[in-house]
Amino acid sequence: MSVSVNEIQALARENVKRLSPYSSARDEFKGIQDHVFLDANESPYANGFNRYPQPQPPQLLDQLSSIRKVATEQILIGNGSDEILDLLYRAFCEPGKDSVVYMPPTYGMYKVLAGINNVKAKELPLQAGFRLPMQEITRAVEEDPKGLKMLLFCSPNNPTGHSFPAKEIEKILEVFPGLVVIDEAYIDFSSQASWLERLSEFPRLVVTQTFSKAWGMAGLRLGIAYAHPEIISLLKRIKPPYNIDSLSQLQGSEQLESWDEIQRQVSEVLQERSVLAQALAQFSFVEEVFPTDANFLLIRVDDAQRRYDELLARGVVVRNRSKEHGCENCLRITVGTPSENKQLLDMLNQMQST
Ligand SMILES: Cc1ncc(COP(=O)(O)O)c(C=O)c1O
């Protein structure tokens with residue numbers, strides 16, 4: 001076995017390594033369409049959906065492989081990236097024993113999944129200016145080099161919107177002994193390069209992405225893990241046999257064929273984002289508009305609950321993130337269509353003049 005495979009195996013849970021995955025009818029016979037299929041106790045009456053889907057969608061895998069330039073054996077498609085994150089916890093973290101590290105304020109599911117899976121969460125808050133706590137990360141590694149199984153963060157980060165510096169991420173990849181999960185849910189809106197380009201350099205790196213943001217398919221539930229083939233193989237052992245339904249497989253593929261339209265929408269969001277950022281900064285009750293690399297803006301206002309309620313009363317729903325570390329009186333605002341953004345600005349103007 002290569003060094004990388006050994007390294008990954010050493011991190012995985014013993015029971016997962018020993019597991020024989022459920023072998024579905026579709027796993028055992030990956031067949032020619034005109035055969036008579038009497039192997040899966042399905043209904044024989046064709047309606048487009050009477051057959052079980054493929055355990056992983058072959059067409060989607062090929063499309064992702066060609067768009068992102070990653071081999072198909074390094075890709076796993078999940079029921080949203082939330083399922084991918086859950087699979088990572090379950091494959092690598094021993095309940096009641098192992099720990100994960102994440103840095104608030106960040107995506108709330110890292111904490112929720114630690115709770116669900118009974119995995120200890122080491123929270124190392126971001127420092128002033130939402131900077132990575134580099135010294136605290138190094139100290140945590142020194143204190144518990146064996147028990148820290150994963151470090152998770154999103155870049156661009158939710159809810160702050162900013163990306164972390166590549167040099168610091170590189171340092172984390174060098175010092176952290178477990179898996180480093182970089183959640184790139186918002187990467188298509190970012191001016192920074194994806195870490196997919198560096199996947200082959202770091203065998204313990206997992207990059208997650210999603211169809212839910214720039215690709216416009218949050219309702220389908222499609223998320224992606226890109227990682228070393230050994231990590232993908234471990235995740236496949238524990239995933240539900242048919243985790244992606246046929247409709248999502250079809251619609252997801254169709255959406256990726258409209259790549260030019262996705263790019264057009266991303267450009268429009270980016271243009272609207274800078275218009276919004278400038279306009280928001282003019283309101284007297286807006287104290288700070290944070291720099292963003294995502295499809296949303298974090299702003300600090302005089303009184304977040306009051307401004308949230310005033311917007312709601314005018315039919316505009318934003319997210320009050322005040323309870324998050326370092327986000328006192330902060331609202332998170334998603335960039336909408338040009339007309340939605342105009343509506344938001346009209347309502348803020350109304351609020352300013354009352
Ligand atoms: C950083 C981040 N990761 C993952 C997700 C969830 O993505 P999915 O819809 O693929 O489960 C979100 C959703 O808001 C997110 O903000």
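Remember, it's 1-based here, ligands and their atoms both numbered in the order they're listed. In this text, all values refer to a predicted model and were calculated from it rather than measured experimentally.
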Which is it for [X] and ligand 1 at heavy atoms under 4.0 Å: side chain, backbone, both or neither?
| X | answer |
| --- | --- |
| Phe211 | neither |
| Arg221 | side chain |
| Asn158 | side chain |

Practice prompt. Evaluate the ring planes of Trp259 and Trp215, with Trp represented by its six-membered ring, and classify them as parallel (under 30°), tilted (30 to 60°) or perpendicular (over 60°).
Written response: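 Geometry flag for Trp215 against Trp259: perpendicular rings.
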
Can you tell whether the side chains of Asp188 and Arg68 come within less than 4.0 Å, N to carboxylate O?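 Salt bridge flag = yes for Arg68 with Asp188.
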
Does Arg139 pair with Glu143 as a salt bridge, N-O distance under 4.0 Å?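 Result for this pair is no, no salt bridge flagged.
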
Option passing side-chain contact (heavy atoms from CB on, under 4.5 Å) with Ile299 (candidates Asn329, Val289, Leu276):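 Result for side-chain contact (heavy atoms from CB on, under 4.5 Å) with Ile299: Val289.
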
Can you tell me the protein heavy atom closest to [atom] and the distance?
| atom | value |
| --- | --- |
| atom 13 (C) of ligand 1 | Lys213 NZ, 3.2 Å |
| atom 2 (C) of ligand 1 | Asp183 OD2, 3.4 Å |
| atom 7 (O) of ligand 1 | Ser81 OG, 3.0 Å |
| atom 9 (O) of ligand 1 | Ser212 OG, 2.6 Å |
| atom 6 (C) of ligand 1 | Tyr107 OH, 3.2 Å |

Taking 4.0 angstrom as the limit and counting only heavy atoms of Cys154, give me the atoms of ligand 1 inside it, by number and element.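 The list of qualifying atoms is 1 (C).
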
Quick note on ligand 1: atoms under 4.0 Å from a heavy atom of Gly80 include exactly 10 (O), 11 (O)

Pi-cation contact, Phe285 with Arg307 (under 6.0 Å, within 45°):
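Cation-pi check for Arg307 and Phe285: passes.
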
Honestly, is Arg26 close enough over Tyr52, meaning NZ or CZ under 6.0 Å from the six-membered ring centre and within 45° of the axis?
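Geometry flag: not set, cation outside 6.0 Å or 45°.
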
Q. Under 3.5 Å, side chain of His228 to main-chain N/O of Ser4, donor-acceptor pair present?
A.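 It does not hold such a pair.
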
